[in-house]
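Hydrogens, waters and symmetry mates are skipped; everything else that's a heavy atom, side chains included, is used. These figures come from a predicted structure and were not determined experimentally.
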Amino acid sequence: MPSGDAQRYWFPEMIEMLREQFHPALSWAELSLLAERLGTTLQQIRKNRNIIPPMLTCSKCGTHKRSSFAKISVNATILAAGRFGFASEADIKELSSRWKKYRKEDNLDHYGKKAGKTTM
């Protein structure tokens with residue numbers, strides 16, 4: 001496994017998927033689905049490349065254990081589209097702001113699911 005892959009979230013194949021499927025006019029459901037597909041792709045990449053989570057040390061008890069991998073949220077998908085230049089900075093800022101408002105109003109988690117439900 002190349003150095004740093006355990007902390008990496010955006011692999012080239014995911015960036016290509018984002019480039020092909022993202023546009024600022026996506027509905028919230030479509031954007032949530034895209035984030036889910038990106039997350040599934042990330043899990044598959046990690047599995048295929050035998051990428052394991054990094055080790056962490058508990059600051060309270062000093063034990064060493066594997067951390068867990070974070071998932072790709074809807075807002076991370078939006079911000080990545082801006083980071084990789086698939087939408088303007090103004091579009092990304094406005095879309096991210098609208099997502100946060102929509103998420104709060106509809107009681108959704110970071111992944112676009114009703115709060116309290118498990119994802120992936």
Atom [atom1] of [X] and atom [atom2] of [Y]: how far apart are they, to the nearest 0.5 Å?
{"X": "Leu95", "Y": "Ile78", "atom1": "CG", "atom2": "CD1", "result": "4.0 Å"}
{"X": "Leu26", "Y": "Gln21", "atom1": "CG", "atom2": "CD", "result": "9.0 Å"}
{"X": "Asn48", "Y": "Gln43", "atom1": "CG", "atom2": "CD", "result": "11.5 Å"}
{"X": "Arg66", "Y": "Met55", "atom1": "CZ", "atom2": "CE", "result": "5.0 Å"}
{"X": "Leu18", "Y": "Ile15", "atom1": "CG", "atom2": "CD1", "result": "8.0 Å"}
{"X": "Ile45", "Y": "Asn50", "atom1": "CD1", "atom2": "CG", "result": "14.0 Å"}

Taking every non-hydrogen atom, the tightest pair across [X] and [Y]:
{"X": "Pro53", "Y": "Ser67", "result": "CB-O, 2.9 Å"}
{"X": "Phe22", "Y": "Ala87", "result": "CE2-CB, 3.8 Å"}
{"X": "Ala35", "Y": "Thr77", "result": "CB-OG1, 3.3 Å"}
{"X": "Ser96", "Y": "Asn75", "result": "OG-OD1, 2.7 Å"}
{"X": "Trp10", "Y": "Ala80", "result": "CZ2-CB, 3.4 Å"}

Arg37 NZ/CZ over Tyr111 ring centroid, <6.0 Å and within 45° of normal: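 No; the conditions do not both hold, so Arg37 does not lie above the ring face of Tyr111.
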Quiz item: cation-pi between Arg98 and Tyr102, 6.0 Å / 45°: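 No, Arg98 does not sit over the ring of Tyr102.
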Do [X] and [Y] sit in the same hydrophobic cluster, where Ile, Leu, Val, Met, Phe, Trp and Tyr count as joined when their side-chain heavy atoms come under 4.5 Å apart?
{"X": "Leu31", "Y": "Ile92", "value": "yes"}
{"X": "Phe69", "Y": "Phe11", "value": "yes"}
{"X": "Met17", "Y": "Tyr9", "value": "yes"}

Glu89, CD atom: more than 12 neighbouring heavy atoms under 6.0 Å: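 No, not enclosed.
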Under the 3.5 angstrom rule, does the side chain of [X] hit a backbone N or O of [Y] as a donor-acceptor pair?
{"X": "Arg46", "Y": "Ile51", "result": "no"}
{"X": "Ser32", "Y": "Trp28", "result": "yes"}
{"X": "Lys114", "Y": "Asp106", "result": "yes"}

Please tell me if the side chains of [X] and [Y] come closer than 4.5 Å, counting only heavy atoms from C-beta onward.
{"X": "Arg103", "Y": "His110", "value": "yes"}
{"X": "Met14", "Y": "Arg8", "value": "no"}
{"X": "Asp91", "Y": "Phe86", "value": "no"}

Salt-bridge contact Arg49-Glu13 (side-chain N to carboxylate O under 4.0 Å):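 Yes, charged N to carboxylate O under 4.0 Å.
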